[in-house]
Amino acid sequence: MSEVDHIVIDGEDAPVLVDCDIHVGYETLLDLAPYLDPATRELVVNCGTNGLGMPSYPWYHPTGWLRNDAFDRASTAVGAQLVGQTLDRVRANVIEPLDLAYGILTPDEAAAFSIIPNGVLAAHLARAYNDWLLEQWLEREPRLRGLIVVPAQHPEAAAAEIRRVGERDEFVGVFLPGGARIPYGSPVHDPLWRACDDLGLPVAVHTHFEGVGIAGPVTAAGYPDHYGEYHALCGAGMHGHFASILCHGILERYPHTGLMMMEGGLVGFVGLLWRLDTVWRACRSEMPYCVRPPSEYVFERVRFTTQPLEEPPDDRLLAPALEGLRPWDTLCFSSDYPHWDYDEPRQTLNRLPADWRERVAHRNATAFFGLPALVAA
C-alpha cells in the first residue's frame, strides 16, 4: 500500500478511509453450488419445492432494504437476496468514489447459516461461502478484506473453518450474527474463541437475524410488530452478547483476539458498560475470569462501528453521549453499504469532534484488523 495522507470526497479533502462494513453476497444460494460438496449441493438444488432456502425476517422494510442506486430494479431476479452487488458495482459505488484504503466485506444472507437448526449443514454452507468470497471478491480486489463466516451453532466446526482459512491474508476476522441460540460468551463457544486466539483473529458481532430461525426473540418482551420497532430494538441482542463475552472473561482468557460490535448502535453501550462495571464490583466472585472492570477490556480490545450513528435532535448532544466509550480509541467508520440506511463518510465524520476523525476514519480499524499501516506521506 502506498503512503497516503488523504482522500478526496466530492472535491474536499478527507482522512484516509477504512470502511468496516460493506455487505456483499450471492444472488441466490445456487451461486455456491460449485463450491459445495456433492451431498450439500444436492440439498441446495432439490430441497423442498424450490431448493434450499434460508430463514428470513418476518419484518420487511416498507420501501426496500437497499439504496436505490445500488441495484437495477428492472433486473431483480426472483428469489435474489442481496441483488446486484457485483464487484464492479461495489468498486463504482464505494471503493472508487470514496477512494477507500480498505473495505471489510460482511455477509448478507450468509449470516443466516448460524441460525438454521442443522449445524452440520451450516458448516458446509459456510465453507462454500468462504471459498466463493475468496475467488469472486478477495483475490480480485486487493483493497478488500473478508470476515470468515462460520456456523456459530456448531462451535467445533466453526473452529475448524477458522483454522482452515484464517491464516490467509485476505481474511482479517470472524463474523458472528447478532441472532444466536446461545450468547457468545458461553463456554459452549470456547472452541471458536480458542481458534481465533491461536490465529490472532478478532471477532465481529454484527446485528443480523435476531428473532429468526433458532435465534431467540429480539427482546425479552417478545417480537415487535413493525420493522421500525425491530430496527430500533435489535441492539438489545448485541448488548446480550457484549455482556456475556465480558462477564465470562473471554478477553482475559483469550488475550490475542479482540471484539468488534457492528451496527448495534453506540449510546446504549455507554450506560450498559457503566452498569457492568458496577455489578462487577458487587458480584465479581461469580465472574472469576473477568479479573478487571469490564470497561478496561473494552477500551483495550473492543471496537465499535459508527453505523448507525445516533441522531439526537441537537447534534451538540452526540459527542458527550459517546465519550463513555472513549470513541477516539474505540470507534471505527462503517457505511453499511448497500443498505437503505447507508452512512456517507463525510457526513458521519463531520458530526464527530475534529480530533477524533483521523482515528475513526482509519487508524483504529487499521490497528484492530492488522491491516498494513497507512502512513502520512
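The basis for the numbers below is simple: all heavy atoms, side chains too, and nothing from hydrogens, waters or symmetry mates.
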Thr257 vs Leu201, side chain to side chain contact (heavy atoms under 4.5 Å, CB included): CA-CA, chis, key distance, verdict: CA-CA 5 Å; Thr257 188; Leu201 289 172; 5.6 Å; no

Side chain to side chain contact (heavy atoms under 4.5 Å, CB included) between Phe269 and Leu325, worked out: CA-CA 8 Å; Phe269 283 104; Leu325 293 181; 4.0 Å; yes

So that I can tick it off, tell me whether [Y] and [X] are bridged by a salt bridge, with the cut-off set at under 4.0 angstrom between side-chain N and carboxylate O.
{"X": "Arg143", "Y": "Glu96", "result": "yes"}
{"X": "Glu358", "Y": "Arg363", "result": "yes"}
{"X": "Glu139", "Y": "Arg168", "result": "yes"}

Plane angle bin for Tyr184 and His241 - parallel if under 30°, tilted between 30 and 60°, otherwise perpendicular: parallel

[X], [Y]: one ILVMFWY side-chain cluster at the under-4.5 Å cut-off?
{"X": "Met287", "Y": "Val298", "answer": "no"}
{"X": "Leu317", "Y": "Val267", "answer": "no"}
{"X": "Trp280", "Y": "Leu273", "answer": "no"}
{"X": "Val120", "Y": "Leu43", "answer": "no"}
{"X": "Tyr254", "Y": "Val188", "answer": "no"}

Going from [atom1] on [X] to [atom2] on [Y], what distance comes out if it is rounded to the nearest 0.5 angstrom?
{"X": "Gln347", "Y": "Leu309", "atom1": "CD", "atom2": "CG", "value": "9.0 Å"}
{"X": "Leu276", "Y": "Arg281", "atom1": "CG", "atom2": "CZ", "value": "11.0 Å"}
{"X": "Leu199", "Y": "Arg194", "atom1": "CG", "atom2": "CZ", "value": "13.0 Å"}
{"X": "Phe299", "Y": "Asp329", "atom1": "CZ", "atom2": "CG", "value": "9.0 Å"}
{"X": "Arg163", "Y": "Ile148", "atom1": "CZ", "atom2": "CD1", "value": "11.0 Å"}
{"X": "Glu296", "Y": "Leu251", "atom1": "CD", "atom2": "CG", "value": "12.5 Å"}

Donor + acceptor pair across side chains of Asp19, Ser335 (<3.5 Å): yes

Polar side chain donor-acceptor pair, Asn130 to Glu161, under 3.5 angstrom: yes

Got more than 12 heavy atoms from elsewhere within 6.0 Å of [atom1], [X]?
{"X": "Asp169", "atom1": "CG", "value": "no"}
{"X": "Arg292", "atom1": "CZ", "value": "yes"}
{"X": "Glu229", "atom1": "CD", "value": "yes"}

Could you tell me whether the side chain of [X] and the main chain of [Y] form a donor-acceptor pair under 3.5 Å?
{"X": "Asp277", "Y": "Ser295", "value": "yes"}
{"X": "Thr366", "Y": "His362", "value": "yes"}
{"X": "Arg41", "Y": "Ala33", "value": "yes"}
{"X": "Thr330", "Y": "Arg326", "value": "yes"}
{"X": "Glu210", "Y": "His208", "value": "yes"}
{"X": "Ser114", "Y": "Ala152", "value": "yes"}
{"X": "Glu141", "Y": "Leu144", "value": "no"}
{"X": "Thr348", "Y": "Glu344", "value": "yes"}
{"X": "Glu263", "Y": "Pro308", "value": "no"}
{"X": "Asp197", "Y": "His256", "value": "yes"}

Name of the residue among Phe113, Trp59, Phe175, Tyr57 meeting ring pair (Phe, Tyr, Trp, His ring centres under 6.0 Å) with Phe209: Tyr57

Pi-cation contact, Tyr289 with Arg253 (under 6.0 Å, within 45°): yes

Lys/Arg cation over aromatic Phe368: Arg303, 6.0 Å, 45° cone: no

[X]/[Y] aromatic ring centres below 6.0 Å:
{"X": "His23", "Y": "Tyr337", "value": "no"}
{"X": "Tyr230", "Y": "His226", "value": "no"}
{"X": "Tyr227", "Y": "Tyr60", "value": "no"}

Check [X] against [Y] and note the closest heavy-atom contact, atom names and distance.
{"X": "Pro191", "Y": "Glu156", "answer": "CG-OE2, 3.6 Å"}
{"X": "Ile115", "Y": "Gln153", "answer": "N-NE2, 4.1 Å"}
{"X": "Phe171", "Y": "Val165", "answer": "CD1-O, 3.7 Å"}
{"X": "Val150", "Y": "Ala126", "answer": "CA-CB, 4.1 Å"}
{"X": "Leu36", "Y": "His124", "answer": "CD2-O, 3.7 Å"}
{"X": "Arg145", "Y": "Leu138", "answer": "C-CD2, 3.6 Å"}

Sub-4.5 Å side-chain heavy-atom contact between [X] and [Y]:
{"X": "Arg351", "Y": "Glu311", "answer": "yes"}
{"X": "Leu121", "Y": "Leu52", "answer": "yes"}
{"X": "Leu259", "Y": "Arg301", "answer": "no"}
{"X": "Cys247", "Y": "Cys290", "answer": "no"}
{"X": "Ile182", "Y": "His189", "answer": "yes"}
{"X": "Val360", "Y": "Cys332", "answer": "no"}
{"X": "Pro312", "Y": "Asp315", "answer": "yes"}
{"X": "Val18", "Y": "Phe333", "answer": "no"}

Chi angles and distances behind the side chain to side chain contact (heavy atoms under 4.5 Å, CB included) call for Leu147, Phe369: CA-CA 10 Å; Leu147 299 178; Phe369 286 117; 4.1 Å; yes

Check against side chain to side chain contact (heavy atoms under 4.5 Å, CB included), Ile22 and Val94: CA-CA 9 Å; Ile22 299 173; Val94 187; 3.8 Å; yes

Steps toward side chain to side chain donor-acceptor pair (under 3.5 Å) verdict (Glu135, Tyr35): CA-CA 10 Å; Glu135 184 173 304; Tyr35 304 90; 3.0 Å; yes

